[in-house]
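Please read the structure below before turning to the comments.
Residues: numbered from 1 along the sequence shown.
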Amino acid sequence: MRPRHAPIRSRTARTISRALATVAALAALCCWPNVASAQKVEPEIVTLDNGMKFLLVPRTDQPNTVSAGWLAKVGSVNERPGITGISHFFEHMMFKGTNTIGTQDPARDADFRARQKSLRDAINDYTWSTQYMRYFLGQIDDPWNPANDTPELAKMRAELKSLMDTQQGRANAERIAALKQDLAKADRSSPDGGARAKEIEAQVAQLEAEQKSRGSIVKDEFDQVYTREGGSGMNAFTSHDLTFYFINVPSNKLELWAWMESDRLNDSVFREFYSERDVVHEERRLRTESTPTGIFQEQFDAMFWVSSGYAWPIIGWPSDLNSYTMEEAQRYWNIYYRPNNLVGIIVGDFDPKQARDLISRYFGRLSAKSGTVPPVTTLEHGQKAEMRMNAEVDAQPQVEIRYHTVPFRHADSYALDMMAQILNGRTGRLYKGLVEGKEIASSAACRQDSRRYAGCFSFSAETKGSAAPLDLESAWYDEIKRLQDEPVSDRELQKVKNQVAADSYRRLQTNFFLLIQLAYAEALGGWEEINEEPKKLQSVTGADIQRVARKYFAPSNRSVATFTRKAGVSSEPMDPDLAKLPAPMQARVRALAAQLAQETDVENLERGISDIEANMGQMPPDRRPLAEFMLKKMRQRLDQLKSQGSGN
């Protein structure tokens, strides 16, 4: 889901490959804290004079390779109305380069950015005044839709687009496309047709040369530098509580990583600050608006989180995305992307002394910031009555039931985690009761989501056969009542504890997933939780689970989202390969597969397949079916396009 310069229509495969890496990382963390007690992680901690902290974990399980990244302790929860989504937008900006990487002419590039800023500021001012007033008066339905532009606004928008196209080396793109269409129609068999074809080819060559000479951007240079030197899996993700940037590099390229990452932290220029909004809008369309339940999930979140910053989507509200100013971005950057709010993490085969020297030399040049990061002060207001949302969707009927619980490291979080484990999995109570027993669900799962400032416990399930969402809801309440009335037996609980320990041990076998888990723990409260939490999980008793089931699962503390099938939409059987994936992943992966069907670029598909294959070795065995499913779908789509002879 990261920035790319290719036309939007051909971003889908790379978006999917990068989103898939993120889904895999986050999926591995669905129960990430359950680390095997037999394995203790002991990073060396290095803190630079400027305040930046590093966690160093040397190990030789995977020779000659290092997983490295840096964490910004900022996510959507740190935002406010007016700039929602800006944390995620910064994630895009960080791949755009610096005055050294990403441009062939820094001075010309800076001039482009200054002129674009002037135009965009004028567009914003005009929209916030004239267009918003027209919207308030009912004269237009969307103040940001170009179809509603006045002639004055349309002229400014066209000027801005021309500047952005020229900067990106796409000047005269429409003219070139038209000429190429004329070239394809030219009859080269006739003398006149052949002469016309040569004339068109000359015009195209001249215009393309002009494109290159007038542009200032070197496309994908940040990615290319790493790839040439053996780097793989470069990616990043933004969550509610953090933003994390990571990559795998050969051990002898650790200095390259230190230079590249410190350079973008020291000299990021926010290149394509205005054009990248279109990329994020497209990402939002693919991830949210084009999925059956996406827009309703946003509405459900906004309903459930009454007062906290978890109420808005990570990608942001569209009107905020359109409204970011460079001044606001710089303020945000200077608060959250300063050394005292950053943590570097290195895991793998490296020499600690050399790593310390490189860290000091490169990251030590970052300027320290005086003062502290502002605290998140608004807490979630307690829910006093049940809330409900009913929606009609183009999908299998389903239900989600959510309860307010506790944040990361809260004393009750461990019992809630174990409660989820009792209910989940093929041998869990939900599968046995709803899928196999009553045969009313095709999938069912639950999860305790302990965030930094609040938490929630959610149950979700899809219907099977003639069952209705109400049947799933009723069955869930039966399971909760059973937990409230009957303590989980020691035998059942110990079986789950053994499974959790085994799964967690396997997840720590790769550098990459240890890197991700360290980042999450450090962002939410402290990396030490990786070592401290297993003992707390092992100490959970059946009485503890019964206590939290009684404490948090009252009707007045729940919100229910019911999704019924829209009239006229037929039921489709679940893909057998999709059914093999964990239930919480299925909806997201189904959406990715639907997006993939829109891809029309063969080269982009091939790059996406290569990206996933490069990361396959890092995935724990229980997560590989996710990647294998998408690889299969991408290869099928690639074969389909090649058979049709349409690679573009």
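The closest donor-acceptor contact from the side chain of Asn50 to the backbone of Ala368 lies at 3.5 Å or more, if one exists at all. A donor-acceptor pair under 3.5 Å is formed between the side chain of Asn531 and the backbone N or O of Val41. Distance alone, capped at 3.5 Å, places no donor-acceptor pair between the Gln448 side chain and the Asp417 backbone. One N or O on the side chain of Ser87 and one on the backbone of Gly75 form a donor-acceptor pair closer than 3.5 Å. Remark: the backbone N or O of Leu321 is paired with a side-chain donor or acceptor of Arg277 at under 3.5 angstrom. With Ser262 contributing its side chain and Ala258 its backbone, the two residues share a donor-acceptor pair below 3.5 Å. Using modelled atom types, no side-chain atom of Thr103 and backbone atom of Ile217 make a donor-acceptor pair closer than 3.5 Å. For Arg365 (side chain) and Asn266 (main-chain N/O), no donor-acceptor pair under 3.5 Å exists by modelled atom type. Judged by distance alone, the side chain of Thr243 and the main-chain N or O of Val74 form a donor-acceptor pair under 3.5 Å. Of the possible polar contacts, one joining the Thr227 side chain to the Asp223 backbone as a donor-acceptor pair under 3.5 Å is found.
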Checklist entry - side-chain contact (heavy atoms from CB on, under 4.5 Å) between Ile346 and Val57: does it pass, once the steps are laid out? => result CA-CA 6 Å; Ile346 306 175; Val57 187; over 6 Å; no
Item to check | Audit row: Arg331, Glu328, salt bridge (Lys or Arg N to Asp or Glu O under 4.0 Å) steps and yes/no | outcome: CA-CA 5 Å; Arg331 279 195 294 272; Glu328 190 68 67; 3.0 Å; yes
Next on the checklist: Evaluate Asp109 against Arg271 for salt bridge (Lys or Arg N to Asp or Glu O under 4.0 Å), listing each step before the verdict.
Outcome noted: CA-CA 8 Å; Asp109 194 65; Arg271 185 171 290 118; 2.7 Å; yes
Checklist entry - Can you check side chain to side chain donor-acceptor pair (under 3.5 Å) on Ser216 and Asp105, steps first, answer last? => result CA-CA 6 Å; Ser216 65; Asp105 188 333; over 6 Å; no
Checklist entry - Which is it for Gln421 and Lys497 under the side-chain contact (heavy atoms from CB on, under 4.5 Å) test, yes or no, and what are the steps along the way? => result CA-CA 8 Å; Gln421 295 300 322; Lys497 288 179 180 179; over 6 Å; no
Item to check | Test log, rule side-chain contact (heavy atoms from CB on, under 4.5 Å), inputs Asp349 and Thr65 | outcome: CA-CA 6 Å; Asp349 187 6; Thr65 185; 5.8 Å; no
Checklist entry - How far apart are the C-alpha atoms of Tyr274 and Tyr324, what are their side-chain angles, what is the distance that settles it, and do they pass the ring pair (Phe, Tyr, Trp, His ring centres under 6.0 Å) test? => result CA-CA 9 Å; Tyr274 305 104; Tyr324 304 152; over 10 Å; no
Item to check | Pair Glu91-Thr238, side chain to side chain donor-acceptor pair (under 3.5 Å): steps then yes or no | outcome: CA-CA 7 Å; Glu91 179 196 327; Thr238 305; 2.5 Å; yes
Next on the checklist: Pair Arg170, Met164 - check side-chain contact (heavy atoms from CB on, under 4.5 Å), show working.
Outcome noted: CA-CA 8 Å; Arg170 295 192 294 114; Met164 294 189 298; 5.8 Å; no
Item to check | side chain to side chain donor-acceptor pair (under 3.5 Å) evaluation trace for Thr510 with Gln62 | outcome: CA-CA 8 Å; Thr510 68; Gln62 296 170 263; 5.1 Å; no
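A salt bridge is absent between Arg113 and Glu272; no separation between the charged side-chain nitrogens and carboxylate oxygens falls under 4.0 Å. Ion pairing of Glu532 with Lys535 is absent here, as no side-chain N (NZ or NE/NH1/NH2) approaches a carboxylate O to less than 4.0 Å.
Of all heavy-atom pairs spanning Ile609 and Arg635, the tightest one is CD1-CG, 3.9 Å. Pairing each heavy atom of Asn341 with each of Ile335, the nearest pair is CB-O, 4.5 Å. When every heavy atom of Pro250 is checked against every heavy atom of Gly230, the shortest pair comes out as CD-O, 3.6 Å. Of all heavy-atom pairs spanning Ile247 and Ser232, the tightest one is CG1-O, 3.4 Å. Taking all atoms of both residues into account, the shortest heavy-atom contact from Asn64 to Ser251 is C-OG, 3.0 Å. Summarising the geometry of Ser268 relative to Trp333, their closest heavy-atom pair is CB-CH2, 3.9 Å, with the distance given to 0.1 Å.
Using a 4.5 Å heavy-atom threshold, the side chains of Thr166 and Phe112 count as touching. Between Trp259 and Ile101, the closest side-chain pair of non-hydrogen atoms falls below 4.5 Å. Counting only heavy atoms from C-beta outward, the side chains of Phe222 and Met94 never approach each other to under 4.5 Å. Taking the side chain as every heavy atom from C-beta outward, Glu44 and Phe54 never approach each other to under 4.5 Å. Here the side chains of Tyr332 and Asn78 are in contact, with some heavy-atom distance below 4.5 Å. Phe244 is listed as a side-chain neighbour of Leu515, based on a closest heavy-atom distance under 4.5 Å. Glu529 is listed as a side-chain neighbour of Phe408, based on a closest heavy-atom distance under 4.5 Å. Looking only at side-chain heavy atoms (C-beta outward), Leu55 and Val347 stay at 4.5 Å or farther from each other.
Scored by the side-chain hydrogen bond (donor to acceptor under 3.5 Å, both in side chains) test, Ser290 finds Arg285 as partners (sequence neighbours excluded). Residues satisfying the side-chain hydrogen bond (donor to acceptor under 3.5 Å, both in side chains) test with Asp351, not counting sequence neighbours, are none. Applying the salt bridge (Lys or Arg N to Asp or Glu O under 4.0 Å) rule to Glu522 yields the partners Lys53, Lys73; only residues at least two apart in sequence or on another chain are considered. Partners of Tyr414 by ring-ring contact (aromatic ring centres under 6.0 Å, His included), not counting sequence neighbours: none found. Applying the side-chain hydrogen bond (donor to acceptor under 3.5 Å, both in side chains) rule to Thr288 yields no partners; only residues at least two apart in sequence or on another chain are considered.
In Asp49, the CG atom is not crowded: 12 or fewer heavy atoms of neighbouring residues, nucleotides or ligands sit closer than 6.0 Å.
Ring centers of Phe90 and Tyr336: at least 6.0 Å apart, outside the cut-off.
In this structure, CD in Glu528 is found 13.5 Å from CD in Glu533, a value given to the nearest 0.5 Å. Atom-to-atom distance recorded for Leu48:CG and Leu342:CG is 10.5 Å, nearest 0.5 angstrom.
A cation-pi arrangement is present between Arg451 and Tyr310 under the rule of less than 6.0 angstrom and at most 45 degrees off the ring axis. Cation-pi geometry between Arg361 and Phe363 is not met at under 6.0 angstrom from the ring centre and within 45 degrees of the axis.
When each of Leu358, Asp357, Val249 is checked for a side-chain contact (heavy atoms from CB on, under 4.5 Å) with Glu255, only Leu358 meets the rule. Exactly one residue among Phe95, Phe270, Phe273 makes a ring-ring contact (aromatic ring centres under 6.0 Å, His included) with Phe89. That residue is Phe273.
Pairs of residues two or more places apart, or lying in two chains, that qualify as salt bridge (charged side-chain N to carboxylate O under 4.0 Å, His left out) and include a residue from residues 226-254 are Glu229-Lys253.
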